[in-house]
S.K.: 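Once you've had a glance at the structure underneath, I'll fire off some questions.
First listed ligand is number 1; within each ligand, the first listed atom is number 1.
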Amino acid sequence: MKPKVLITRKIFKEALDYLEDHVDYEIGTQERELKKQDLREKVKDKQGILSLLVDTIDKDVMDAAPQLRIIANCAVGYDNIDTDYARKRGILVTNTPGVLTETTADLTWALILSTARRIPQADVFTRAKNYKGWELDLYLGREVTGKCLGIIGMGRIGKAVASRARAFRMKVMYYDPHRLPEEEEERYQASWAPLEDLLRVSDIVTLHASLTPETTHMISAERLQMMKKEAILVNVSRGPVVDEKALAEALAKRFIWAAGLDVYEKEPEVEDQLLSLDNVVLLPHIGSATFETRIRMATMAAKNLVQGLSGQQPDNLVA
Ligand code: GLV
């Protein structure tokens with residue numbers, strides 16, 4: 001008999017075709033994510049879960065699934081899963097690293113450039129037929145080439161963002177609790193700096209840290225005040241890394257110049273004040289959203305799931 005698996009929400013055909021040969025799957029919903037009670041109900045008889053980053057897989061959910069052996073998250077981040085409890089129960093947890101690195105770095109750059117050059121705002125202006133003729137000071141932005149880029153979190157994505165910065169002849173600084181070996185610092189032409197020093201000197205600060213108790217509200221009201229008045233903050237990591245209310249205040253009071261956000265503290269909610277500001281670019285968590293990457297993520301999660309259920313060590317084990 002094939003192991004029973006819950007796929008919390010519809011995924012791509014490529015992954016389903018693969019899973020069909022190995023497991024007996026149920027798709028939780030075709031709509032938005034499952035409510036906790038429905039999730040608990042559906043995992044009762046399951047040995048595996050293929051989850052998305054919006055599914056909270058906590059102790060309650062795991063306790064409702066006595067036969068659960070593996071949770072394969074279709075995301076590189078896995079802060080939606082209580083990995084400590086999974087470990088205690090001997091449940092494997094996997095993620096999808098690597099396959100979304102370049103795509104997410106590309107989106108980071110799209111957000112840096114569109115925030116610096118105010119592209120979404122200028123597009124809205126043009127569509128509204130407000131363009132009456134060229135002006136010397138129409139939609140002035142901030143220069144990116146030659147500026148100082150501060151990368152917080154120098155993992156795979158942080159490094160891919162650093163590589164692209166060379167094309168813009170930027171000075172790259174990074175903060176990460178784990179300093180890179182010297183040869184890697186050389187390869188990325190990036191120098192390590194303490195977090196607050198980086199915030200003080202960077203023209204663009206981009207966040208690539210995973211969400212942990214240590215990184216929650218790492219960008220606080222106090223730290224926003226340390227940044228340059230002309231600085232740009234970009235976040236494509238996880239919303240709670242930034243105190244979103246404090247950021248809205250800082251943008252409204254022009255303590256910093258602008259922000260570009262792909263993630264929010266209480267997704268899908270966006271802090272009201274942000275919605276009314278003209279110095280922020282807002283995206284709906286699409287960092288890895290290309291056809292190619294999202295299909296790679298789903299098939300990678302499916303493979304991890306099948307490996308775990310067949311007694312092999314999954315390729316991308318995190319707990
Ligand atoms: C996206 O946010 C991911 O963690 O994969």
S.K.: Can you list every pair where an N/O of ligand 1 is under 3.5 Å from an N/O on the protein?
M.R.:
{"residue": "ligand 1", "atom": "2 (O)", "partner": "Arg238", "partner atom": "NH1", "Å": "2.7"}
{"residue": "ligand 1", "atom": "2 (O)", "partner": "His285", "partner atom": "NE2", "Å": "2.7"}
{"residue": "ligand 1", "atom": "4 (O)", "partner": "Val76", "partner atom": "N", "Å": "3.4"}
{"residue": "ligand 1", "atom": "4 (O)", "partner": "Gly77", "partner atom": "N", "Å": "2.9"}
{"residue": "ligand 1", "atom": "4 (O)", "partner": "Arg238", "partner atom": "NH1", "Å": "3.4"}
{"residue": "ligand 1", "atom": "4 (O)", "partner": "Arg238", "partner atom": "NH2", "Å": "2.7"}
{"residue": "ligand 1", "atom": "5 (O)", "partner": "Val76", "partner atom": "N", "Å": "2.8"}

S.K.: Measuring only between side-chain heavy atoms, which start at C-beta, is Gln307 closer than 4.5 Å to Asp315?
M.R.: yes
S.K.: Identify whether the distance between the nearest side-chain nitrogen and carboxylate oxygen of Glu265 and Lys245 falls below 4.0 Å.
M.R.: no
S.K.: For Arg9 and Glu31, indicate whether the former's side chain and the latter's backbone hold a donor-acceptor pair under 3.5 Å.
M.R.: yes
S.K.: Please find the pair of heavy atoms, one from His217 and one from Val242, that lie closest to each other, and give the distance.
M.R.: CD2-O, 3.7 Å
S.K.: At their closest point, which heavy atom of Met297 faces which heavy atom of Ser288, and how far apart are they?
M.R.: SD-OG, 3.6 Å
S.K.: Restricting to salt bridge (charged side-chain N to carboxylate O under 4.0 Å, His left out), what partner residues turn up for Arg127, sequence neighbours left out?
M.R.: Asp123
